[in-house]
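Predicted model only: the values in this text are computed from it and were never measured. Just so we're on the same page: letters track the sequence lines, and every chain starts at 1.
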2 protein chains.
Amino acid sequence: MPQRAVVPITAEGLKTACSQCNLQELCLPFGMSDGDIDQLDGLVGARRKVKRHQHLYRVGDTFEAIFAVRTGSFKTDVLLEDGREQVTGFQMSGEIIGLDGISTDAHTCNAVALEDSDVCIIPFANLETLSREVESLQHQFHKVMSREIVRVHGVMMLLGSMRAEERLAAFLINMSQRFTARGFSAAEFHLRMTREEIGSYLGLKLETVSRAFSRFQENGLIKVQQKHIRIVNIGGLKALLSHLPSV
Amino acid sequence: MPQRAVVPITAEGLKTACSQCNLQELCLPFGMSDGDIDQLDGLVGARRKVKRHQHLYRVGDTFEAIFAVRTGSFKTDVLLEDGREQVTGFQMSGEIIGLDGISTDAHTCNAVALEDSDVCIIPFANLETLSREVESLQHQFHKVMSREIVRVHGVMMLLGSMRAEERLAAFLINMSQRFTARGFSAAEFHLRMTREEIGSYLGLKLETVSRAFSRFQENGLIKVQQKHIRIVNIGGLKALLSHLPSV
DNA sequence: TGGGGCGTTTGATCCACGTCAACCCGCTTG
DNA sequence: CAAGCGGGTTGACGTGGATCAAACGCCCCA
């Protein structure tokens, strides 16, 4: 199968078919009719494998496509000159990466694979063309962008107004929900990111994250074994969010 | 001039014309050809006045339109059950409010006028229809959404990784740039929001904001008189961001 | 013209989280 | 099998910003 010119060496020539993909309900096609989804098959160019710790794109890369995570997971981050890192998000299968690039035709953050991963390449010019013809695609794409804005508003709330344990509880609940949506256990999962990356995302140092995990375990809320998490008392975690602290 | 059914009582029947508007370069029409902009005139429904401290919309309101600020300014915020507020943004003339509503067809934050203000109502269904026909509008709208994503990534950096004075310096520089873009002085401006609102946006308490202002004044970076700010040493402010703290 | 209230400033004290450091564990590599 | 290392945990201590509290100034309005 011939490789396309736009596709870097790391890309697979494999043609992707949204119509055949089992991530439909989590991804761009969500809510679209079968007929409309068939049209997407022509849009999604190819797949690309990204190995653990490799960049999918970097700050400054020219923007040509957005990506849908097929397998694996990613973090996106932005760096300060002095090296401080802020993780802006963790992305799992079905989620869209790269929307930051539309604004200036260049990426404004880095996207790094947390494990060996695999994305669908969605050339942005083609997406705009097709979404002028397919109303449901246009609408879905707008929802995807809006959802990202809403997500980040939530993170701002978390960073600006919550204390460490609230932040971590919110993070765990969020992870649990996303694993559930993907057919995995809500109560038991494997975190792909380090304590430092979690901390960066939550505006905390890794030691604080580690201590909060330990505290949760002492209080019987979760069971921690390195990156493996088991949620024992989801209600207790949720209570940390709606709380008065000492009830 | 007849009022339209969709328009609430607070709305003015005044027809808006993007083609005549002097905010073009700051607003949705940015980068569009005159001919394309003429098409927007049919899209933008009406204007609406919002008095100081009144809501433009609230969490839960059904989403029907996005808004372009014509005059005045707004804050958007999200509240926690226990009353904690997180300001998610301040919007000035030409900026678009309401993108958070697309995701679920209901608004997920509140928009409140900081002073007597005036917005253009852009019915979203019409915007989608027209942007299927006018490529430049489609593209501009995508850029507006992406720019919002990039902005909030910056705020995450600020909330997650910067100390109080860095946050406030970044805030002042950003305000200065936005005033400049609107033809106002880069060095002297009037803040529309309270110390508490600034603090909420920056993840700080109002006392901390106040102290940081005072410190900046002591160091000859700015001159503060209540809400009136004069930037004396913009380079000094910028240095606070790229810094080593004690140089 | 005077009073009341909101927003702001400033000081004194506290504490949640950061910093620094030691140590542990599981994996990799020679 | 040892050595090295990246990631994680835990403890002791320091500090930036929160909290609590008092007072001030501007503005609105009677």
If a pair satisfies salt bridge (charged side-chain N to carboxylate O under 4.0 Å, His left out) and one of its residues is in residues 202-214 of chain A, list it, with sequence neighbours excluded. none

Students often get this wrong, so: under 4.0 angstrom with heavy atoms, is A:Ser214 touching a base, only sugar-phosphate, or nothing? sugar-phosphate

Do A:His107 and A:Asp100 touch side chain to side chain, with heavy atoms closer than 4.5 Å? yes

What residue pairs, at least two apart or across chains, pass ring pair (Phe, Tyr, Trp, His ring centres under 6.0 Å) with a residue in residues 206-236 of chain A? none

Assert: residue with more 5' nearest nucleotide on DNA chain C, out of A:Arg167 and B:Val209, is B:Val209

Kindly state which residues belonging to residues 189-207 of chain B come within less than 4.0 angstrom of DNA chain D, counting heavy atoms of the residue only, listed by number. B:Gly203, B:Leu204, B:Lys205, B:Glu207

Helical bend (five base pairs per end, nearest 10°) for the helix from C:dT1-D:dA30 to C:dG30-D:dC1: 40°

Minimum side-chain heavy-atom gap A:Val144-A:Phe30 below 4.5 Å: no

For B:Arg58, what residues pass the salt bridge (charged side-chain N to carboxylate O under 4.0 Å, His left out) criterion, not counting sequence neighbours? none

Kindly write out the residues that satisfy side chain to side chain donor-acceptor pair (under 3.5 Å) with B:Thr208, not counting sequence neighbours, or none if the list is empty. none

Sequence neighbours left out, what passes side chain to side chain donor-acceptor pair (under 3.5 Å) with A:Arg178? Give chain and number order. A:Glu95, A:Asn174

Between A:Tyr201 and A:Phe90, does the ring centre distance come in under 6.0 Å? yes

Hey, can you tell me if A:Phe179 and A:Phe184 have their rings parallel, tilted or perpendicular (30° and 60° cut-offs)? perpendicular

State whether B:Thr208 places a side-chain N or O below 4.0 Å from either non-bridging phosphate oxygen (OP1 or OP2) of D:dG17. no

Polar atoms only, N or O, under 3.5 Å: list the protein pairs with nucleotides 12-14 of chain D and their distances.
unit_1	atom_1	unit_2	atom_2	d
D:dA12	N6	A:Arg211	NH2	3.4

Where along residues 221-232 of chain B does a heavy atom come under 4.0 Å from DNA chain D, residue by residue in number order? none

Any residue meeting side chain to side chain donor-acceptor pair (under 3.5 Å) with B:Ser103, in chain and number order, not counting sequence neighbours: none

Could you list the residues that satisfy side chain to side chain donor-acceptor pair (under 3.5 Å) with B:Arg230, not counting sequence neighbours? none

Backbone N/O of A:Ser73 and side chain of A:Ser117: donor-acceptor pair under 3.5 Å: yes

With A:Lys51 via salt bridge (charged side-chain N to carboxylate O under 4.0 Å, His left out) - residues at least two apart: A:Asp116

